[in-house]
Amino acid sequence: MGTGILSPQPEENPYWWNANMVFIPYCSSDAWSGASAKTDQSDYAFMGSVIIMEVVNELLTKGLDSAKVLLLAGSSAGGTGVLLNVDRVAEHLESRGHGEIQVRGLADSGWFLDNKQYRSTDCHSTISCEPTEAIKRGIRYWGSVVPESCRQTHIREEWNCFFGYKVYPTLKSPVFVVQWLFDEAQLTVDNIHLTGHPVHEGQWRYIQNLGNELRNTLKDVPSLFAPACLSHEVITRNYWMDIQVKGTSLPRALHCWDRASPPRGCPLRLIDSCPWPHCNPTCPTIRDQITGQEMSVIQFLKHMGFDVGLLPIIGQNTRIGLPV
């Protein structure tokens, strides 16, 4: 009994409410890439890629063998896991004699950038490391498995395959990408922490530039939903129907993509062009990271250090100046 795309209620999930659904909890801590069993030398096991294949094998005995479509979906690390595993699942099903099952991917909030942090810090933990360094360290522990075509493209630099814009061009399976342009998890690893202190000019420019960088990496993705919001994860949220880009909701865009022959005017590529966080009026409610209280856009801007009395009326195309 989930929410969003996992909901069995037609009013919350109009297109997939009656689909067969399987939820796999994330316990492997390896972005669903690991194939490293517990040993005498290490008490840790990172088996994400193995878990996925074992679940698929078990589902083949429970009706998956007669399915037409398998939609592999995930959020955050699960979104990255979709990019890493969608082709492997398709190849695995084909090798088991089930090549007629169409495997598709839905990657939510897993399109991370290997960009330069706003402020570099010592790499004492994965949360403080630069994204590339964190992945380089991680894959050694995890024994990571990456798509073969991506591995061949980045020989001895397989860490590249954990970043969406580098692995996506190597994939064969159709993938729909859902990505907030101002992803909170990306900002966290970039050392931008919105914790109630006014945002400095350099931080604000960095945040705006992050949106531009993400747009650039998504330019060749034909099936896309990318709102200009400050958030993280969406497909399993109960408000997932409320977010719109250019007047189209995410479920509607996914339904267009899911159809064999989308009718004319059925949008597949939706990305906001406005330049700052939450310039899209349908963005989800912002919560104060310390108190957990909901904030309006005006309260959020005050929270970020802006004098809202000096700002023009806030709308879809409004540009906000920097605080003095």
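All values reported here derive from a predicted model rather than from experimental measurement.
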Item to check | Leu6: which of Thr236, Asn13, Val22, Ile235 passes side chain to side chain contact (heavy atoms under 4.5 Å, CB included) | outcome: Thr236
Can you tell me if [X] uses its side chain to pair, donor with acceptor, with the backbone of [Y] under 3.5 Å?
X: Gln186; Y: Leu113; answer: yes
X: Glu12; Y: Gly4; answer: yes
X: Glu130; Y: Lys116; answer: no
X: Ser75; Y: Glu233; answer: no
X: Ser223; Y: Phe176; answer: no
X: His278; Y: Pro284; answer: yes
X: His154; Y: Trp159; answer: no
X: Thr248; Y: Ala253; answer: no
X: Asp30; Y: Gly48; answer: yes

Checklist entry - What class does the angle between the rings of Tyr26 and Trp32 fall in, given that below 30° is parallel, 30 to 60° is tilted and above 60° is perpendicular? => result tilted
Next on the checklist: Tell me whether the rings of Trp240 and Trp16 are parallel (<30°), tilted (30 to 60°) or perpendicular (>60°).
Outcome noted: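 Geometry flag for Trp16 against Trp240: tilted rings.
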Which heavy atom of [X] sits nearest to which heavy atom of [Y], and what is that distance?
X: Ser231; Y: Tyr239; value: OG-OH, 4.2 Å
X: Pro251; Y: Met241; value: CG-CG, 3.7 Å
X: Leu214; Y: Leu181; value: CD1-O, 3.2 Å
X: Asp65; Y: His98; value: CB-CE1, 3.6 Å
X: Pro277; Y: Ile207; value: CG-CG2, 3.6 Å
X: Ala185; Y: His232; value: CB-CE1, 3.5 Å

Item to check | Summary of side chain to side chain donor-acceptor pair (under 3.5 Å) pairs that have at least one residue in residues 33-49, sequence neighbours excluded | outcome: Ser33-Ser144
Hey, can you pull the donor-acceptor pairs under 3.5 Å for the side chains in residues 264-271, sequence neighbours left out?
| unit_1 | atom_1 | unit_2 | atom_2 | d |
| --- | --- | --- | --- | --- |
| Arg269 | NH1 | Leu218 | O | 2.9 |
| Arg269 | NH1 | Val221 | O | 2.6 |

Pairwise distance [atom1]([X]) to [atom2]([Y]) - rounded to 0.5 angstrom:
X: Lys62; Y: Leu59; atom1: NZ; atom2: CG; answer: 8.0 Å
X: Lys136; Y: Asn160; atom1: NZ; atom2: CG; answer: 8.5 Å
X: Gln117; Y: Asn191; atom1: CD; atom2: CG; answer: 4.5 Å
X: Leu64; Y: Ile101; atom1: CG; atom2: CD1; answer: 4.5 Å
X: Cys283; Y: Ile243; atom1: SG; atom2: CD1; answer: 6.5 Å
X: Leu250; Y: Leu106; atom1: CG; atom2: CG; answer: 7.5 Å

Side chains of [X] and [Y], heavy atoms from C-beta outward: is any pair under 4.5 Å?
X: Val89; Y: Met53; result: yes
X: Trp17; Y: Gln9; result: no
X: Glu54; Y: Asn57; result: yes
X: Pro8; Y: Met21; result: no
X: Cys150; Y: Lys166; result: no
X: Cys279; Y: Asp272; result: no

Next on the checklist: Please evaluate residues Leu60 and Leu93 with respect to the criterion side-chain contact (heavy atoms from CB on, under 4.5 Å), reporting the C-alpha separation (whole Å), side-chain torsions for both, the decisive distance (0.1 Å), and the verdict.
Outcome noted: CA-CA 9 Å; Leu60 284 171; Leu93 286 174; 3.8 Å; yes
With hydrophobic residues grouped by side-chain heavy-atom distances under 4.5 Å, do [X] and [Y] end up in a single group?
X: Val167; Y: Phe162; value: yes
X: Phe225; Y: Trp180; value: yes
X: Tyr168; Y: Val86; value: yes
X: Trp257; Y: Leu171; value: no
X: Val234; Y: Leu83; value: no

Checklist entry - Is the shortest side-chain N to carboxylate O distance from Arg88 to Glu91 below 4.0 Å? => result no
Next on the checklist: Do Tyr15 and Asp258 pair up side chain to side chain, a donor and an acceptor below 3.5 Å, judged on atom types alone?
Outcome noted: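 Side chains of Tyr15 and Asp258: no pair found under 3.5 Å.
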Next on the checklist: Between Tyr165 and Asp114, is the side-chain hydrogen bond (donor to acceptor under 3.5 Å, both in side chains) condition met? List the steps.
Outcome noted: CA-CA 10 Å; Tyr165 74 102; Asp114 53 344; 2.6 Å; yes
Item to check | Asp242 atom CG, over 12 foreign heavy atoms within 6.0 Å | outcome: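 It does: Asp242 CG has more than 12 such atoms within range.
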Item to check | Neighbour count above 12 (heavy atom, 6.0 Å) for Glu94 CD | outcome: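 No.
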Item to check | Single hit among Thr80, Thr217, Asp183 for side chain to side chain donor-acceptor pair (under 3.5 Å) with Trp111 | outcome: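 One option only clears the test, and that one is Thr217.
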Next on the checklist: Applying side-chain hydrogen bond (donor to acceptor under 3.5 Å, both in side chains) to Tyr118 and Asn209, what does each step give before you reach the verdict?
Outcome noted: CA-CA 11 Å; Tyr118 171 69; Asn209 189 58; over 6 Å; no
